[in-house]
Peer 1: 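Structure provided below as structure tokens; questions to follow.
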Amino acid sequence: MARIENEMQYNAVMERIEELLPLVTEETPLPDKNSVELVLLSNLVADYDEEHYPIKAPTLAELIRLRMAEMHLSQKALAEKLGVSPSRISEYLTGKSEPTLKIARTIHHELNIDADLILGIC
């Protein structure tokens with residue numbers, strides 16, 4: 001099987017992976033037949049998932065919300081950190097406006113968000 005062609009094959013491969021998981025541990029040698037089979041089947045599933053269930057890159061608003069939660073920042077605290085008004089933060093979070101290049105740089109530095117994600121490159 002060079003690739004998984006349909007959902008029925010996908011489900012069968014997933015069942016086989018479930019059977020292999022208890023048989024392969026950190027101590028299992030790489031050339032072990034179960035280990036090899038698990039790697040090959042996992043790669044097939046990853047390819048199928050990528051094609052049929054792609055994960056979109058998060059929006060800037062989603063990234064900002066996530067970092068706000070991780071850093072325990074309110075909109076007001078984030079506004080102070082970025083040097084903008086709380087209403088501007090609200091506009092970023094609702095998608096009504098996008099940050100200027102200067103603010104995008106500040107978001108990158110202050111929130112540690114990848115610049116490519118801020119600019120929508122990836």
Peer 1: Which is it for I113 and H108 under the side-chain contact (heavy atoms from CB on, under 4.5 Å) test, yes or no, and what are the steps along the way?
Peer 2: CA-CA 5 Å; I113 296 175; H108 168 70; 5.7 Å; no

Peer 1: Would you call E5 and R3 a salt bridge, taking side-chain N to carboxylate O under 4.0 Å as the test?
Peer 2: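 Salt bridge between E5 and R3, a charged N being under 4.0 Å from a carboxylate O: yes.
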
Peer 1: Report the distance from atom OH of Y92 to atom OG1 of T59, rounding to the nearest 0.5 Å.
Peer 2: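 Atom-to-atom, Y92:OH and T59:OG1 are 14.5 Å apart.
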
Peer 1: Is there a side-chain contact between I89 and Q75 in this structure, where contact means two heavy atoms from C-beta onward sitting under 4.5 Å apart?
Peer 2: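 Result yes, sub-4.5 Å side-chain heavy-atom pair found.
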
Peer 1: When rounded to the nearest 0.5 angstrom, what is the spacing between CD1 in I64 and CD1 in I118?
Peer 2: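 Between I64 CD1 and I118 CD1, I get 7.5 Å after rounding to 0.5 Å.
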
Peer 1: Looking at every heavy atom in both S35 and P29, which two are closest together, and how far apart are they?
Peer 2: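 Looking at all heavy atoms of both residues, the closest pair is CB-O, 3.6 Å.
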
Peer 1: Output the distance between atom NZ (K81) and atom NE2 (H109), rounded to the nearest 0.5 Å.
Peer 2: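 So the gap between those two atoms works out to 13.0 Å.
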
Peer 1: Can you hop from L66 to I103 via hydrophobic side chains spaced under 4.5 Å?
Peer 2: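 No, L66 and I103 fall in different hydrophobic clusters.
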
Peer 1: Shortest non-hydrogen contact from L93 to M68?
Peer 2: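 Taking L93 first and M68 second, the nearest heavy atoms are CD1-SD, 4.1 Å.
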
Peer 1: List in chain and number order the residues that pass side-chain contact (heavy atoms from CB on, under 4.5 Å) with P86, two or more places apart in sequence or in another chain; answer none if no residue qualifies.
Peer 2: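 In terms of side-chain contact (heavy atoms from CB on, under 4.5 Å), with neighbours along the sequence ignored, P86 is linked to A79.
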
Peer 1: Which value, rounded to the nearest 0.5 Å, describes the distance between I107 atom CD1 and L78 atom CG?
Peer 2: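 Between atom CD1 of I107 and atom CG of L78 there are 7.5 Å.
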
Peer 1: Check whether any side-chain heavy atom of V36 sits under 4.5 Å from a side-chain heavy atom of L30, and report yes or no.
Peer 2: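 No. Closest side-chain heavy atoms not under 4.5 Å.
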
Peer 1: Flag the pair E70 and R67 as a salt bridge only when some basic side-chain nitrogen lies within less than 4.0 angstrom of an acidic carboxylate oxygen.
Peer 2: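 Salt bridge present between E70 and R67.
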
Peer 1: What's the separation between atom OG1 in T28 and atom CG in L23, rounded to the nearest 0.5 Å?
Peer 2: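 T28 OG1 to L23 CG: 8.0 Å, rounded to 0.5 Å.
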
Peer 1: Can you check whether R105 reaches L101 side chain to side chain, under 4.5 Å on heavy atoms?
Peer 2: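 Result yes, sub-4.5 Å side-chain heavy-atom pair found.
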
Peer 1: Within a strict 4.5 Å, meaning less than it, do heavy atoms of the L73 and L111 side chains meet?
Peer 2: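 The answer is yes, as the side chains (C-beta and beyond) meet within the 4.5 Å cut-off.
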
Peer 1: Check salt bridge (Lys or Arg N to Asp or Glu O under 4.0 Å) between E91 and all other residues, then give those that pass, not counting sequence neighbours.
Peer 2: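 Counting only residues at least two positions away or on another chain, E91 forms a salt bridge (Lys or Arg N to Asp or Glu O under 4.0 Å) with R88.
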
Peer 1: Determine whether I17 and Y53 fall in the same hydrophobic cluster, where Ile, Leu, Val, Met, Phe, Trp and Tyr are linked whenever their side-chain heavy atoms lie under 4.5 Å apart.
Peer 2: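 Shared cluster, yes.
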
Peer 1: Without placing hydrogens or testing angles, list every side-chain donor-acceptor pair under 3.5 Å for residues 38-49, not counting sequence neighbours.
Peer 2:
from : atom 1 : to  : atom 2 : distance (Å)
S42  : OG     : L38 : O      : 2.7
N43  : ND2    : V39 : O      : 3.3
Y48  : OH     : E7  : N      : 3.4
Y48  : OH     : E7  : OE1    : 3.1
D49  : OD1    : Y10 : OH     : 2.9

Peer 1: Salt bridge (Lys or Arg N to Asp or Glu O under 4.0 Å) between R16 and E19: does it pass, once the steps are laid out?
Peer 2: CA-CA 5 Å; R16 181 62 184 145; E19 293 168 0; 3.0 Å; yes

Peer 1: Using 0.5 Å steps for rounding, measure from the NZ atom of K102 to the CG atom of L82.
Peer 2: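 Answer rounded to 0.5 Å: 11.5 Å.
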
